[in-house]
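The structure appears right after this line, and notes come after that.
The chains referred to below are lettered A, B, ... by the order of the sequence lines, with proteins before strands, and numbering in each begins at 1. This structure is a prediction, so every number in the text was calculated from the model and none was measured.
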Amino acid sequence: MDKRGITTLMMILEIIIVLVAAYSIFSIASRFVNSETTNKIIIADDLKMMIDTLVGTPGEAVVQYPANVSKYTFVLSSGSVSVFIKSEGEQKKIVRYFSLPDGYQAFGTLEGKNNLCLEKEKKKIVLRECKAVVSAATEVGK
Amino acid sequence: MGEDDIFDLTRKQFFWGIAVFMVVIAALIFSFILLPSYERSLVEVPPKLRAELISLRFVNTPECFTYQDPVSGRVFAEVIDLQKFTQKNLDKCYRTEPAKGFEDYNFALELEGYTPTLDGQKKLLMTNNFFNKVDFTLYKPVLVRNGERLEPTRLVIQVQTKI
């Protein structure tokens, strides 16, 4: 093989290596951008903080999560809240733990609904789809 | 192929050996250090906000220390019932997991002017995994119901975020 042949071969090899490196870095970055993990972590943290707030609120209260959550499935129990996408594996589930005072209960599940509400009724915290609120003005209009 | 050409080829192989190694290291740093730390920064919640929200229960929840009228059942937010301000009630109010709860938020509470002193040290109410590593302190102005009297003071909340 003469010198020109070797130089061309090395150049092709260099180009292939650069392309492979660029592709692998871009694929990692695009997987990260398209990942739902960040959203799930944010929602799970928000729900945990909403539950802490409801526990520290005297009386009864309802809070609506201010975003569309139809992609996700939620499971609330007395010690934790889980957020996941049904088609994904168990290891991609995001779980946040919290502590309730004695006598308190938390429960509820939600799947494929646009809106999510947390409701405090006496010593119960319930996760459910938000009920439509009919205002007094609408009632009078009827 | 002359002697110079052989050296040129060897030099290139040597260069690419190092270059591939560096690219692999860069990709590993990117995917295992830079992206996770960026992700963490996106989802980070200020610890003081978390602690504020958890500690709302200490001043607003009758199952903790808040005064509740026994007749009407009305809860007086930010009024601490001195009779309820006990370690037993704190244990019922906020409890972290016994084994790994030190990774969670823990608190030590002092009701200014009402906390007893033992051997020159204030006897604070502590949650089950509080180990005196105070990251920051929150102060909440409250009223203390002492018998029939209401007295203004502060609830001092020492916060341990994680060990």
Side-chain angles (χ1 to χ4, degrees), chain A residues 1-7 9-11 13-14 16-33 35 37-46 48-61 79-80 94 96-104 120 122-123, chain B residues 1-2 4-6 8-9 12-13 15-16 19-20 22-24 26-27 30-32 34-36 38-40 42-45 49-64 66 68 74-78 89-97 100-101 103-105 127-128:
Chain A
M1 200 185 273
D2 66 351
K3 189 190 174 188
R4 211 184 311 157
I6 289 170
T7 313
L9 196 70
M10 287 305 288
M11 217 165 74
L13 208 70
E14 286 168 15
I16 289 172
I17 289 171
V18 169
L19 286 178
V20 167
Y23 174 76
S24 62
I25 287 178
F26 275 109
S27 69
I28 291 169
S30 76
R31 237 184 304 139
F32 174 74
V33 169
S35 152
T37 310
T38 311
N39 286 339
K40 282 187 286 183
I41 292 173
I42 290 171
I43 294 173
D45 279 340
D46 286 347
K48 178 185 180 318
M49 288 192 288
M50 282 162 76
I51 291 162
D52 283 331
T53 309
L54 283 176
V55 170
T57 306
E60 302 191 346
S80 68
I94 302 293
R96 289 291 178 268
Y97 298 93
F98 51 82
S99 158
L100 294 177
D102 274 10
Y104 274 68
K120 184 188 173 201
K122 292 179 183 163
K123 291 184 181 182
Chain B
M1 195 187 276
D4 283 351
D5 299 336
I6 290 169
D8 190 38
L9 188 62
K12 279 216 160 183
Q13 281 176 339
F15 165 77
W16 277 108
V20 166
M22 298 299 277
V23 167
V24 169
F30 185 68
S31 55
F32 289 104
L34 293 183
L35 280 182
Y38 175 63
E39 194 174 36
R40 266 198 303 278
L42 282 182
V43 299
E44 198 174 7
V45 179
L49 174 64
R50 278 184 196 266
E52 276 283 354
L53 295 180
I54 296 172
S55 61
L56 279 175
R57 67 183 69 189
F58 300 139
V59 291
N60 288 332
T61 306
E63 287 74 24
C64 298
T66 309
Q68 184 172 24
R74 183 188 160 190
V75 178
F76 289 74
E78 296 177 8
N89 261 23
L90 179 59
D91 292 340
K92 284 183 188 171
C93 170
Y94 183 83
R95 197 164 181 80
T96 56
E97 201 193 320
K100 281 199 148 190
E103 289 178 354
D104 215 329
Y105 282 57
T127 56
N128 61 320

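A salt bridge links Arg50(B) with Asp45(A): at least one charged nitrogen is closer than 4.0 Å to a carboxylate oxygen.
Closest heavy-atom contact between Glu63(B) and Asp102(A): CG-O, 4.3 Å. Listed here is the closest heavy atom pair of Ala77(B) and Pro58(A): CB-CG, 4.1 Å.
Contact tally against chain B (heavy-atom pairs below 4.5 Å) for Gly79(A), Gly59(A), Pro101(A): the top residue is Pro101(A). Ranked by heavy-atom pairs shorter than 4.5 Å toward chain A, the options Val23(B), Val75(B), Ile54(B) are led by Ile54(B).
To the nearest 0.5 Å, the span separating CD on Glu44(B) from CD1 on Ile42(A) amounts to 12.0 Å.
Side-chain N/O atoms of Tyr97(A) and Glu97(B) include no donor and acceptor closer than 3.5 Å.
For Ile51(A), no part lies near chain B; criterion is any non-hydrogen pair under 4.5 Å. Using a 4.5 Å cut-off between heavy atoms, Phe98(A) does not touch chain B at all. Proximity to chain A (any heavy atom under 4.5 Å) is restricted, for Phe30(B), to the side chain, taken from C-beta onward.
Counting heavy atoms from C-beta on, the side chains of Leu56(B) and Val55(A) never come closer than 4.5 Å. Using a 4.5 Å heavy-atom threshold, the side chains of Asp52(A) and Tyr105(B) count as separate.
Within the 3.5 Å criterion, the main-chain N or O of Leu53(B) finds no donor-acceptor partner in the side chain of Thr53(A).
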